[in-house]
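For reference, the structure discussed in these notes is given below.
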Protein chains: 2
Amino acid sequence: MKNNIKTLRKAQKFSQDELAQAAGVTRQTINAIENDKYDPSLELAFKLASILLVRVDELFLWHKENL
Amino acid sequence: MKNNIKTLRKAQKFSQDELAQAAGVTRQTINAIENDKYDPSLELAFKLASILLVRVDELFLWHKENL
DNA sequence: TAAAAATGTCAAAGTTGTTTTACTTTTTAT
DNA sequence: ATAAAAAGTAAAACAACTTTGACATTTTTA
């Protein structure tokens, strides 16, 4: 699933590591998600959205056709 | 994490099994999520929100204090 | 231009989410 | 009151997400 994490993170001048620490995960987790290696858990998705000041459905782009 | 699945599902007169099939998972998965045994994946959260015609952040109630 | 910071990547181990099968209990409808 | 449908539950196996530790590459800054 696509996401806007990298864009929003840079807009707030966070490094991957800073965002990771703010969300309570490791740098590798943020890196993997930004590079579409896998999707975060729902819990982490909410934390990231909260930190980046957007809603989950704004941070992650999900398309019905996947249904 | 709390959610409104049971309420919205009943409002649309779906059984757990019907909702499960619509979302492409098993009945047990829906049952476990409704009863707060665990949270769904982000992907499944989006599917359920889509089927139940609400946003992810309306279907699942996440509180900042968990951060 | 060299050092420092940030990012990319990988494998193994650990944790969490999902399926399958099966059985029990509760709710709905006849 | 009974049968059928729906919901609850549990263990084992499997799949997906996260951590840890390590090292390579790219970008930034002094």
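We use all heavy atoms of the structure for the numbers below, so side chains are in, but hydrogens, waters and symmetry mates are not. Lettering of chains follows the sequences in order, A, B, ..., and the numbering in each one begins at 1.
Residues B:Ile5 and B:Leu19 are in side-chain contact: their nearest non-hydrogen atoms beyond the backbone lie under 4.5 Å apart. Taking 4.5 Å as the limit, every side-chain heavy atom of A:Asp57 sits out of range of all side-chain heavy atoms of A:Trp62. Residues B:Leu48 and B:Ile30 meet the side-chain proximity criterion, which asks for heavy atoms closer than 4.5 Å.
Checked against D:dT9, C:dT19, D:dA22, the side chain of B:Tyr38 finds its nearest nucleotide in C:dT19. Of the candidates C:dG8, D:dT9, D:dG21, the closest approach to any side-chain atom of A:Asn35 belongs to C:dG8. Across D:dG8, C:dT21, C:dT9, the shortest atom-to-atom separation from the side chain of B:Gln28 is found for C:dT21.
Rounded to a whole Å, the CG atom of B:Asp36 is 16 Å from the P atom of D:dA7. Between the CD atom of A:Glu43 and the P atom of C:dT15 there is a distance of 17 Å, rounded to whole Å. Atom CZ in B:Phe46 sits about 17 Å away from atom P in C:dG17, given to the nearest Å. The interatomic distance linking B:Ile33 (CD1) with D:dG8 (C1') rounds to 15 Å, in whole Å. Whole-Å rounding puts the B:Met1 CE to C:dT16 P distance at 14 Å. In this entry the distance linking CD of B:Gln21 with C1' of C:dT19 reads 14 Å, nearest Å. In this structure, CD1 of A:Ile30 is placed 13 Å from C1' of D:dT19, rounded to the nearest angstrom.
Residue A:Thr29 has no polar side-chain atom (N or O) positioned under 4.0 Å from OP1 or OP2 of D:dC17. Side-chain nitrogen and oxygen atoms of B:Asn31 include at least one within less than 4.0 Å of the OP1 or OP2 phosphate oxygen of D:dG8. At D:dA5, none of the side-chain N or O atoms of B:Gln16 fall inside 4.0 Å of OP1 or OP2 (strictly under the cut-off). A close approach under 4.0 Å does not occur between any side-chain nitrogen or oxygen of B:Lys37 and OP1 or OP2 of C:dG17. Contact check, A:Ser41 against D:dA16: no side-chain N or O comes under 4.0 Å of OP1 or OP2.
Between B:Arg9 and B:Phe14, the closest heavy-atom pair is NH1-O, 2.9 Å. Of all the heavy atoms in A:Ala45 and A:Leu59, the pair that sits closest is O-CD2, 4.4 Å. Counting all heavy atoms, side chain and backbone alike, A:Val56 lies closest to A:Ala49 at N-CB, 3.8 Å. Considering every non-hydrogen atom in both B:Asp36 and B:Lys2, the closest pair reads OD2-NZ, 3.1 Å.
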**Request:** Encode nucleotides 23-30 of chain C as B, S and - characters from 5' to 3', where the letter depends on protein heavy atoms closer than 4.0 Å: B to the base, S only to sugar-phosphate, - to neither.
**Result:** --------

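For the contact set between residues 3-15 of chain B and DNA chain C, defined by any heavy atom under 4.0 Å, there are no members.
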**Asked** Would B:Lys47 and B:Val25 count as a side-chain contact (heavy atoms from CB on, under 4.5 Å) if you check the C-alpha gap in whole Å, the side-chain angles of each, and the deciding distance to 0.1 Å?
**Response** CA-CA 10 Å; B:Lys47 284 183 184 172; B:Val25 295; over 6 Å; no

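Within the 3.5 Å criterion, the main-chain N or O of B:Ile33 finds a donor-acceptor partner in the side chain of B:Asn3. Of the possible donor and acceptor atoms, one in the side chain of A:Asn35 sits under 3.5 Å from a partner among the backbone N and O of A:Asn31.
Checking A:Thr26 against B:Glu18, the closest nucleotide of DNA chain D that is more toward the 5' end is the one next to B:Glu18.
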